[in-house]
Amino acid sequence: MVWWWRLVLSLPLLRHAEAQNWGKTIDVAGRQRMLTQRMSKEFLQVSLDIDPEANANRMRGSINLFNVTLLALINGDDEQGIIGSPNQLVADGLQVVLGLWIPFAQLLLNHVATVRDSSGFVDMAVLTQVANENVPLLVTSNIVVGRLVDAAKSAGAPTNGLVVDTAGRQRMLIQRMCKESMLISQGVNVGTNLRLLKNNRLLFANSHVGIVEGATWAGVPVLSKLCTMHQMREVTYNFQQFSPDINRILNAETPSDSQQIAIALSVNISDKSVPLFASMVAAVQLYVNDQGSCDPAADMTQAGWQDLLMKTLELRKLLEQARQFYLQVGNGIDVANSQVGLVVTLNSILERVDNLVQGNKALDIPAPPTQSALTSLLSVKLQWEELQGSFSPAMTNRDGVTNVEVANINSDSVGFKSAVQQIVWQYETSAIGELTAASDATTEAATGASIHTIIVAEGQKANVVEVAVLANLVAYAERPDENSILMNTTRDTFVEIHFSLLEGQAATDVYPAIAAENDVCFIRKMRTIYSSFVTLENLAQEVRSAGTSSLAEIPQFVDQVIAGYEEVKGYYNQGSIPCSNRAYNLPEWEGLVFAVGRLRALTQEASADFILSTQGVNVERSIASMIRFTAAFRSLAYGDDQLPSPPTQQAVNKILNTVKPAYDHVFNAAAASNVQNFLIQADAVASKCAEIKSMYFNEAQSSLSEFPVQRLEAALDQMYRVNRVVKLALMNIYQLTTTSNTLSQSISEFERVHKDMKEGGGGLPEIVSQREDLLAQWDAVDSAWQRLRSLLLTQSAGDVQNLLDAKMATLQEIDVLAELFSVPDPGVLETFPWMFVAYGLMGAFLLFCACGAAYIHWASRRKRTDAQQQGGWSQA
Ligand SMILES: *[C@@H]1O[C@H](CO)[C@@H](O)[C@H](O)[C@H]1NC(C)=O
Ligand SMILES: *[C@@H]1O[C@H](CO)[C@@H](O)[C@H](O)[C@H]1NC(C)=O
Ligand SMILES: *[C@@H]1O[C@H](CO)[C@@H](O)[C@H](O)[C@H]1NC(C)=O
């Protein structure tokens, strides 16, 4: 029994050894071809006086190696693992080689010392003989390799003989190209050698592509082994260095020009062939047997990982851009330019995919650092070939865009993007792993931005293009309902990430944290990006109603967002971002003051609504006011599409260091359903807002002497007070700690300012008697307020809805009053046009708080007041 087991166990071992021997045998037989060319080249180098002694010795070495190997191929050599003449055909072929070899070796050995004499005279007869005799030796050696490949195949050897043969032949071609360029430089058969050099250069280049990218129709598979791929990246690079010199010889006008160039370049060609040859020899070894024993990931630096990640990530953006151009062609948007864009983008993707699969040393791109990354990238490449086929008809023909292809591209894109995402994820995980192993000092870019942060920011570029793509799909009537929803999802993702990049985000199990930002210039840049994005999104939403007309305007905003994020990347890498330090103008200051006032009033509204929700009354109302509260805080801290961001670093710091902590506590209290704490923290936000408000008023007044401080401030404060008294009343109704004293104090405060607004005082001007409209509206505010006031005082749970209605009615009447305030009193033109703008804003503000939907209203009102303001200027 024991012998039987031994047999079973030894069988696969034998197989393995034999398989290795076939590969090895084909390899050394292939090397013989190279040696015929190398020894000829070395002989020529001696004749050219290039390092003659060393080259003569090298030539003897080549001759000896050829001789020893020839005998081993004939007779076999167990120690080296060379199979001797496995069949008659091979044996016959080797005999022919032997017959040519003996005289050729003699020719070289006998003349190497004399081919060039001390006076520089070259024995052309010998050179011609070498030129004539080396090729038959090469050809017959090559026949042997072909027969061995066939023998290996019929023996069932798993080695891909064809690949080893083709890779092995590359070594020969390098030597051969050198030899031919030297024969040209020596004037031996210049025409023939030029032709041969041209063919061999082409054969080398094609074979190089073939053994990397595969030529499946010819039985050459795609290169998928990690270590071989890394080695071939070296070969590619060395060939890029070598090839231009050869081209210069080939591209000369006349044969004698070629000869002159070949003479001039002979040393350079010799030198450059050395690394090319060495790298190819190492590659052939790996084609014979790649056991995956290299570990390129170990050599990756942080910068290297980051760069590779970015280049991979960019595929997603490029794909979205290709889709955008493609669909623009289909939708008839700027067709000619879109087609050019499509062509360029398709080329970029192809080039990028190849560079990621194979690496590109000239561009400093490594080949994939892990086998799994290589495997995934190869599948990305296959998917890309599929996609490209769908895209390309549109490059030249508008009818190339069809419903069928649009649908194909949509579904294939999903696979492509998720494959790319997988690789990015793999790289990021490895990078983060590497980084935790490295010291802290090296893990962070200049600003402390983590790789994760940079990746997240970079992903925004693809997100914004995707919004444009989805708008185009809707316009193309490709599943418009579904794609409209997807468009909103992508929009939401973009906005969420936008604020994560500003506010920071806690670490998760997988990803490190994103740090909160407080750089005034960074915040300003992000605000600009946000404005472009909102404009783009509005255009995208209009596509369903307005069709392709709004589509045409989209691309410029996509470009703006992408360019903005390019600057953001620069900020992460360099730690600063350019930022103009201009002073804000009047409408901007008003916007800022307005934003503080809005947030301050919302603290009270959100409190009132939270009280109601904890009583089980109208929970949705509380959710809605919390959303407005969040939006108001974000606008104050970071600006939005209408409002500028804070004007100075000092303002940013004050908002983020004082308002933000209290604001965060409000949400913590809400999460904990702690109503008492909610009210306390909301009041803390309000009091911090009051500080920001006075800071803004002071700064605005110092940069704009005519800033209408009193009336604007009074109006904003009245807003806050109306909301506050309603909150206080609800606290009394639901017996939350407060005293009715606080309520009555707040009521009298409101009433004092209310009175001053009519009669003058506290820095406010009186309403003059000619303004009957103002007086009437003041009365309307007053009666709404009287009704609100009585409900505030009855304090009955049954009156809550009436109370809320009365609050809204009061706010609406104040809004109208504010509108009327914007009409100048007769004879007080000196306050014009500031008052226009101020009260227009205020009115909008009131309405916003009352209805919640006033945002758009405010924006449109803003346009009107701007127009009025301009009118005012032209009158002045
Ligand atoms: C080749 O090897 C054989 C056997 O060792 C030897 O007799 C012969 O001289 C060698 N030929 C050359 C050219 O080195
Ligand atoms: C040869 O290579 C050297 C170094 O790369 C370069 O400076 C020189 O110009 C090259 N010679 C020619 C003729 O191009
Ligand atoms: C997308 O969002 C916009 C604005 O928020 C909304 O008006 C629209 O109805 C949404 N579209 C879909 C399909 O949900």
Side-chain angles (χ1 to χ4, degrees), residues 32 35-36 39-40 42-43 48 50 56-75 77 94-95 97-112 133-134 137 178 181 184-185 238 240-249 251-252 257-276 466-467 470-471 473-475 478-496 533-546 550 624 627-628 631 640-641 852-853 855-856 859:
Q32 294 291 81
L35 288 170
T36 65
M39 60 184 73
S40 308
E42 285 155 350
F43 187 85
L48 283 160
I50 300 176
N57 279 332
R58 288 190 192 112
M59 186 198 78
R60 292 190 193 98
S62 301
I63 289 174
N64 187 51
L65 183 57
F66 185 98
N67 198 45
V68 169
T69 308
L70 181 57
L71 292 178
L73 286 168
I74 292 171
N75 303 320
D77 182 338
L94 287 167
Q95 284 309 312
V97 172
L98 187 61
L100 294 168
W101 168 238
I102 294 166
F104 185 66
Q106 287 311 314
L107 174 69
L108 296 182
L109 289 169
N110 290 346
H111 293 96
V112 70
E133 290 183 17
N134 80 85
L137 185 62
C178 290
S181 69
I184 292 165
S185 72
N238 292 327
Q240 283 168 355
Q241 309 303 307
F242 176 81
S243 179
D245 286 349
I246 299 294
N247 290 343
R248 283 177 61 193
I249 298 175
N251 293 341
D257 286 354
S258 289
Q259 185 180 350
Q260 291 312 312
I261 293 170
I263 292 169
L265 290 175
S266 60
V267 174
N268 280 16
I269 290 176
S270 290
D271 289 350
K272 288 175 184 170
S273 73
V274 174
L276 174 59
E466 192 173 310
V467 172
L470 290 161
L473 284 169
V474 171
E478 170 68 18
R479 291 193 279 185
D481 294 334
E482 202 176 303
N483 284 320
S484 295
I485 293 170
L486 278 178
M487 191 167 83
N488 281 7
T489 311
T490 308
R491 185 247 348 247
D492 293 345
T493 304
F494 184 96
V495 171
E496 198 185 313
F533 181 78
V534 170
T535 313
L536 178 153
E537 197 239 332
N538 290 338
L539 290 165
Q541 299 288 0
E542 279 169 25
V543 165
R544 287 202 93 164
S545 51
S550 61
I627 290 172
R628 288 206 300 280
D640 60 33
D641 61 311
Y855 200 54
I856 299 151

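Read the numbers this way: they start at 1 and go in the same order the structure lists the ligands and their atoms.
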Q.
Is it the case that ligand 2 has an N or O less than 3.5 angstrom from some N or O of K272?
A. no

Legend entry - ligand 3 contacted by M487 (non-hydrogen, < 4.0 Å): no

Protein neighbours of ligand 1 with a heavy atom under 4.0 Å, given by chain and number, are N67, L71, A105

Of all heavy-atom pairs between [X] and [Y], which one has the smallest distance, and what is that distance?
X    : Y    : value
I249 : I184 : CG2-CD1, 4.2 Å
E42  : M59  : OE1-CA, 3.1 Å
Q32  : L70  : NE2-N, 3.5 Å

Atoms of ligand 2 under 4.0 Å from any heavy atom of L265, numbered from 1 in the order shown, are 12 (C), 13 (C), 14 (O)

Check your understanding: Which atoms of ligand 2 have any heavy atom of N268 under 4.0 Å away?
Key ->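 Atoms satisfying the 4.0 Å criterion: 1 (C), 2 (O), 3 (C), 8 (C), 10 (C), 11 (N), 12 (C), 14 (O).
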
For S484, the atoms of ligand 3 under 4.0 Å from one of its heavy atoms are 13 (C)

Q.
Taking side-chain hydrogen bond (donor to acceptor under 3.5 Å, both in side chains) as the definition, give me every residue that meets it alongside N67, ordered by chain and number, with sequence neighbours left out.
A.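 Once residues adjacent in sequence are excluded, the partners of N67 under the side-chain hydrogen bond (donor to acceptor under 3.5 Å, both in side chains) criterion are W101.
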
Residues at least two apart in sequence or cross-chain that pass side-chain contact (heavy atoms from CB on, under 4.5 Å) with A546, listed by chain then number, are E542, S549, S550

Original post:
Looking only at distance, does D481 have an N or O less than 3.5 Å from an N or O of ligand 3?
Top reply: no

From L65 atom CG to L35 atom CG, the distance as rounded to the nearest 0.5 Å
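It is 5.0 Å, given to the nearest 0.5 Å.
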
To the closest 0.5 Å, what do you measure between CG (L98) and CD (Q95)?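 Answer rounded to 0.5 Å: 5.5 Å.
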
- Less than 4.5 Å apart, any side-chain heavy atom of V112 and any of R60? yes

Inset, instruction - Report the part of R248 in contact with ligand 2, treating N, CA, C, O as backbone and CB onward as side chain, heavy atoms under 4.0 Å; options are side chain, backbone, both, neither. - result: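 The answer is the side chain of R248.
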
Please list every donor-acceptor pair under 3.5 Å in which a side-chain atom of residues 267-276 meets a protein atom from a residue at least two apart or in another chain.
{"from": "S270", "atom 1": "OG", "to": "Q45", "atom 2": "NE2", "distance (Å)": "2.8"}
{"from": "S270", "atom 1": "OG", "to": "S266", "atom 2": "O", "distance (Å)": "3.1"}
{"from": "K272", "atom 1": "NZ", "to": "D245", "atom 2": "OD2", "distance (Å)": "3.1"}
{"from": "S273", "atom 1": "OG", "to": "S270", "atom 2": "O", "distance (Å)": "2.8"}

